[in-house]
Amino acid sequence: MAIDLARYVRDIPDFPQPGILFRDITPLLSEGKAFRAAVDAMAEPFRDAGVDRVAAIEARGYMLGAPVAALLGVGFVPVRKVGKLPFHTYRAEYALEYGKAAIEMHRDALLRGHRVLLIDDVLATGGTLAAAMDLVRQSGAEVAGVSVLIELAALDGRARLGGAPLHTVIRY
Ligand code: AMP
């Protein structure tokens, strides 16, 4: 029987600031069968999509992106907050559901023409993933798709992904 993954997501009202309903995935991560099912579900539509690399956004994106890359048998590329990566980087700025930030990726992480699957835990306004797509394009690679565990549909983040194939496991 399929696992109801939404049961393992904990809602925390007013975190990290008033008005935000935070979707906490730590209960899902701590339950082996749910974690495995979540990662399988995120990877599934992209098994035969010719993906060369998986890129994910720190920190929660890594928890899902690294196992997805291992499942697909491809390399993993970390997208990090500014100032964390030691080598030459591309940079993209974005607005969060709460706050503002920029992300970076190593300039040699992707090759021109690489097909990249982007992973994050939550798609909210889409600003973060849109910025990650910008990094992929700056490196001359292409976005094969975007896979998220949770989509907050009311925020319409998918509208900012420029028509890239989006796969969502849990939708609120
Ligand atoms: P956005 O750029 O608005 O799509 O925000 C997505 C990023 O912020 C993801 O990396 C999420 O981890 C985090 N995030 C935004 N909203 C929430 C939320 N309600 N619950 C948990 N994480 C969130």
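By convention here, the first residue in the shown sequence is residue 1.
Closest heavy-atom contact between G65 and F76: C-CE1, 3.6 Å. Here the closest heavy-atom approach between residue L155 and residue A124 is recorded as CB-O, 3.4 Å. The heavy-atom pair separating A130 from L161 by the smallest distance is N-CD2, 4.2 Å. Shortest non-hydrogen contact noted between G61 and I119 is O-CG2, 4.0 Å. The shortest non-hydrogen separation linking L166 to V148 is CD1-CG2, 4.3 Å. The two atoms that bring L149 and A38 nearest to each other are CD1-CB, 3.8 Å, heavy atoms only.
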Pair L71-R47, side chain to side chain contact (heavy atoms under 4.5 Å, CB included): steps then yes or no: CA-CA 9 Å; L71 268 180; R47 281 188 185 279; 4.2 Å; yes
D52 and R115: CA distance, side-chain angles, deciding distance, side chain to side chain contact (heavy atoms under 4.5 Å, CB included) verdict: CA-CA 5 Å; D52 298 299; R115 288 173 53 75; 3.6 Å; yes
Test side chain to side chain contact (heavy atoms under 4.5 Å, CB included) applied to V9 and Y172, step by step: CA-CA 11 Å; V9 177; Y172 291 103; 3.5 Å; yes
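With values rounded to the nearest 0.5 angstrom, L28 atom CG is found 10.5 Å from D121 atom CG. Separating the CG atom in L123 from the CG atom in L118 is a distance of 11.5 Å, to the nearest 0.5 Å. The CG atom of L135 sits 10.0 Å away from the OH atom of Y94 when rounded to the nearest 0.5 Å. For the atom pair CZ of F35 and CG of D40, the computed distance is 10.5 Å after rounding to the nearest 0.5 Å. Between the CD1 atom of I57 and the CG atom of D120 there is a distance of 4.0 Å, given to the nearest 0.5 Å. Annotation: the span from I25 atom CD1 to R10 atom CZ amounts to 11.5 Å, rounded to 0.5 Å.
At a threshold of 4.5 Å between non-hydrogen side-chain atoms, the residues R23 and D11 count as touching. Side-chain contact check for R60 versus M63: some heavy-atom pair is nearer than 4.5 Å. Using a 4.5 Å cut-off on side-chain heavy atoms (C-beta onward), L110 and R137 make no contact. Between I3 and E31 the shortest side-chain heavy-atom distance does not fall below 4.5 Å. Using a 4.5 Å heavy-atom threshold, the side chains of V116 and V77 count as separate. No side-chain heavy atom of L129 sits less than 4.5 Å from a side-chain heavy atom of R160. Taking 4.5 Å as the limit, every side-chain heavy atom of D134 sits out of range of all side-chain heavy atoms of E93.
The hydrophobic cluster containing V136 does not contain L85, counting ILVMFWY residues as joined when their side-chain heavy atoms lie under 4.5 angstrom apart, directly or transitively.
Residues R80 and E104 are not paired through a salt bridge, judged by the lack of any N-O separation under 4.0 Å between the basic side chain and the carboxylate.
Put simply, the side chain of R107 gets close to the backbone of T89: a donor and an acceptor are under 3.5 Å apart. Judged by distance alone, the side chain of H167 and the main-chain N or O of A41 form a donor-acceptor pair under 3.5 Å. Under the 3.5 Å distance criterion, the side-chain polar atoms of Y62 are matched with a main-chain donor or acceptor of V79. One N or O on the side chain of Q138 and one on the backbone of R91 form a donor-acceptor pair closer than 3.5 Å.
Applying the 6.0 Å contact sphere to CZ of R7 captures no more than 12 heavy atoms from other residues, nucleotides or ligands. More than 12 heavy atoms of other residues, nucleotides or ligands sit less than 6.0 Å from atom CZ of R171.
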